[in-house]
Amino acid sequence: MRFFAILSMVCLGCTFQLNDENLTKIEQGTPRPFDVTIFEPGQSLYIHKPVYINFGFDPDGKDIIGSAVFLNQERIDSRDEGMEGFYFDPTKYADGTYTFTVEYYQKSFSGSLADKLGAEVFVYSNSCKVVIDNIPVPKLLINKYEVVDGKLVIHWPAYSDTLFTNYTIAYGNYQYEIVDPLITSLEVPQFGGGSITFRLTLRAKGDAVYNVESYAENFDFQIEPTNFDSLRIRWNGSPYTTTEGLILWFEGSVPVNQLNLPAGKSATDTLIYFPTPFPYHYTVRSQFGGLSNIGEMGTKTIASPVSNLIGNVVHVKPDGNLIGISYDFFRTGYDYVTFGSMASGTNAIAGSFGLSHDGKKLFRVNLLSSTTMSVEKFDPQTSLQIGTTKVVTIPAEPNQTIYSVAASNDEYVFVNYGGYNFNVLYHWPSGNITYQNVVSSAIGRPAWVANGGSMFFKFDAYADLTIDGPSTVTPTKMGSKALNLPHRNQYVYFDEEGAQVKLINFNDGVEQNSIPITGVVKKFCANEYNDIAIIVQKPSGSHWVEVYDLDSGALFGAKRINSSLYASTSIFNYNFQLTGNWFRIGHFTREHYFMKFDFPL
Amino acid sequence: MRKLGLIGIFLVLVTGQTSAQWNAELHVQGCSFKMDDLKALQQELFVDPIVPVTSVTEFPPYLGFKAVVTYSQFELTGKTFALGAALMYTSTGGRVQYKDFSGSLTGDQLTHAITVGVLGRLPIAENEKWQVGGSVFLGAEFTSLTIENTLEIGNEMYKDKIDFSADGFVAIPSVYCTYTITNHLYLIVDVGYHLTMYQNTYRWSQDSEAEIYLENSNEPLKPNWDGFRAGVGVGYSFSGRTK
C-alpha cells in the first residue's frame, strides 16, 4: 500500500500542464483630460454635522464610469458614475484633520479586457482638507421670560464655544437674528399676548443649524363673558405698566370702537362691563411699545335681551335680586349676582317709574294730558300690575314731561313734571294728592332721598323738602346730587360751592362729615351700603373717577375712564349697585355702560 | 487486493503450476484521449465573451504512469501465464483563454483518472532475453474534473472553481515485449488501447445529483479516456528471470 501511495503522489505531481501562449496585442487608450478642480488649493472644510458636499462637477460628456471619495487613504464611498456630491456624516469618523479626495474614473476605450470590464481607467482627482468636529453644540433653551415695562423679554444662556454665527429667534411671522453671542435676551416687540411659541436657533460651527428648540411662552389672555353684559379678561405674567397696555376692541350694532383698559393695573384680571343692549363681538389686543393691531385674542358674542333704550334705573333691594327696570319702552329686572334677566315685559311700557325704598312697591306715572296723570302700581318682582290704573287730576302744565318719580315705603308717590317746577305728592292708598307745589325754579333730576316712610327731595337750588308732615329742613345747595344713606341715617350730597361732599343727618340736618374734593366735579354718587362715595371729574377730554371713604375722607384711588368711549357724550347718571363695587354710567343717548372696579383701585 | 489474491488462488487451482515468480514494473505511457464531451464543453464555457476567447489547449495526448505487479506460477498452453494488478494514472486538460496587456481571462478544464485493476499476460514467444506476448487489463477508473475560470486584471485575480468526478469500468488489451537486462532487471514495452466498458456521468463534488449538460442537450457529460496507450517501463523480478 505504501508503494501505491507513493506512486499516486508521484503521478499526481505530474498532472497535465496547460499552455499559456495567447497574448493579444492591443494599443493603450488615450486620456481625455478635464478639469476636476472641485476644491481650491488650500481649501478646508469644517464639518460638524451631516452635510451634503456639492462638488459642483458635471460629469456629462467625460466618459466617467466611476468615482470614489477617500478620507485619507480609506475609500468611504464609490459609485459607478460620476458623483456630483457627497453626503458627509462626520459621526462615522473620529474628530481630526483628514485629506478628503474625490476621484473620477474615465474610461480608457483601449478595447482591452480591463477596459471592457471597466477596470482600465484614467484617474482624475482633487483633494482638500477636512476638519471633523463631532463635539455637539449645547442645547439652548429659553430659560427665562419676563415682562419689563409692558414688553415681553426672553432670555437664554450664552453660547460659549467657537465658530458662532448667530442666534435666531422666530415666532409667528417675525424673526430676529442676533450676531453677538453675548447678547442673550430679546425684548419682543409686536407681541400681542396669547399663547406664543418661540423658536430659538443657534447657528454655529460652519453656519449650520445645530439646535432648534421650541419653547412655548404662555402669556395667555383669556376672555370670557362673565354674564350677558361683561367680559372678564385674564392674563398671565406681570401687570402692564404702559399707559395703554390693553386695547379692547368691540363691535356690536355700532361701528367698531375701542376701549383702552386701565394701565398700571396690579391685578391680573379685569372685568369689562358692556352696555347691555347689544350682541357684542369683541377682540382684545395688547399694545406694547405703542403698537397696535397685534393679534386677535378672541371673539365672542354677548347677547343681551334688552333694548338699548333703557331708561332710568330704579333700585329694588330688600328682596334681593332685582336691581333695575326700564320705563321707556321695555322693562326688565336683572339678578345682581348673575346679571340674568329676572323679569321682563315683552311690550314697551311708557311712563316714569318710582320704586319704594324697600323695593316692594313700584309705581308708574304717565301724563295723560296737561291736567291729568295716570298712576299704576306693580309688583317689581313679577312686573304684574296690582290693582287698577288710577287717573289723577294735577295742576295744569302744558309741558307734558315727567322728570322724576319717587315713592316712599308707605306708598306716597312724588312726581316732578312740567318744566321741572311742578311737584305733586300722590298717596296711593287714599287716592288723593296730599301735597302739591309749584316752585319758581326747577328742581333737579332724580333728586329724591328716601328714608323709610319719609322722603326728602330738593325742589329748588337752595331748599329741601321733607314729605312727612311736610316739614322744612335747613336749606342747602344740594344741587341734584343727593343720595340717601339709610344705614347711616344720613343723606349725602356734593356741595358745589364748597367743593366738598357732605353727609347730613336725616333727622336734624346736622352736618356730620365733609370731604374736600379737588377739581371739577361732574357727577357724584354714593353707595348706600358700604360707605363709599364716587366722584367723577371730567377735565377736558377725559374722565377720572375718584373713590372716597365717607368716614375718613380718604381717597381710595382713581381710575381713568376710556375717553374715546365717552368723548362725545355726557354722563348723566351714576348709581351704585348692591354689591357696592360697581356702578352704572349712562350717556345722554341712553346707552348704559356698567363698569366694575375692584377696591381699592 | 484481497480480491486479487482470491483470483490468483483460483487460477492456481485451475491451472498447472511452475516455479513462482514475482515481478514489479513501472511504466511511462503516452496516452491519447477522445474527450469529445469536454471538447464540446470548452466551446460553451464562454458564450458571447466580452473579448475574443480562443481555445488554447484541447485535451491533447499526455504522459501517463502505470505500476504493475505480476505473479507467474501457472502454465497455460505450455506458456507461463502471469497474473497481476496494475495502477494507472492519466491526465490531460483543456484551456480557453484571452490575454492582453491589461490581464487575462482563462477557462481551464483539468482532468485526470486513476485506474486500478487486474492484469493478465500470456507470452506468445520468448527466449532467454526476449519475451513477446499479449495482455489484458480489466479495472475500475476514477475520473476527476476541475473546471476553473480565472480573471486577472493587473495585480488582481478572481477565480471560481468547481470539481466533478465520474467512475467507470475499462479494458485495455495490449501487446508487450520484454528484454532481460540482468537476471532480475528487465525492460518492457507495451502498446494497447483504452476501451471504456461502462462509464458514469460527471457528478458535482458538492451535490452528487448535479451533472453537466451542454446547451440544448439532454445527455449529461461523461469522460472519455479512450485512446492508445503506448509506454515503456522497467521491471524487477524478485526471483530472477533465469529458468
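The chains referred to below are lettered A, B, ... by the order of the sequence lines, with proteins before strands, and numbering in each begins at 1. Worth saying up front: this structure is predicted, and the values here are computed from it rather than measured.
Using a 4.5 Å cut-off between heavy atoms, B/Y62 touches chain A through its side chain atoms alone. When heavy atoms are compared at a cutoff of 4.5 Å, B/E156 does not approach chain A at all. Neither the backbone nor the side chain of B/L63 comes within contact range of chain A; no heavy atoms are under 4.5 Å apart. With a threshold of 4.5 angstrom between heavy atoms, B/L105 approaches chain A through its backbone and through its side chain. When heavy atoms are compared at a cutoff of 4.5 Å, B/S104 approaches chain A solely by way of its backbone atoms N, CA, C and O. Of the atoms belonging to A/S110, it is side-chain heavy atoms, and not backbone ones, that fall under 4.5 Å from chain B. Contact of B/I50 with chain A is made through backbone and side chain together, with heavy-atom distances under 4.5 Å.
Within 6.0 Å of CZ in B/F228 there are 12 or fewer heavy atoms belonging to other residues, nucleotides or ligands. In the displayed structure, A/Q43 atom CD is contacted under 6.0 Å by more than 12 heavy atoms of other residues, nucleotides or ligands. No more than 12 heavy atoms of other residues, nucleotides or ligands sit less than 6.0 Å from atom CG of A/D80. Annotation for B/M197: atom CE does not count as buried by contact number, only 12 or fewer foreign heavy atoms lying within 6.0 Å. Within 6.0 Å of CZ on B/F101 lie more than 12 heavy atoms contributed by other residues, nucleotides or ligands.
Nearest heavy atom pair, residue B/S102 against residue A/L113, reads OG-N, 3.4 Å. In terms of heavy-atom proximity, A/T24 sits nearest to B/Y98 at OG1-CE1, 3.5 Å.
For the atom pair CG of B/D100 and CD of A/E120, the computed distance is 7.5 Å after rounding to the nearest 0.5 Å. Once rounded to the nearest 0.5 Å, the distance linking CZ of A/F16 with OG1 of B/T90 reads 13.0 Å. The CD atom of A/Q17 lies 10.5 Å from the OG1 atom of B/T57; values are rounded to the nearest 0.5 Å. Atom NZ in A/K25 sits 14.0 Å away from atom NZ in B/K99 (nearest 0.5 Å).
You'll find the side chain of A/L117 reaches within 4.5 Å of the side chain of B/L151, heavy atoms only.
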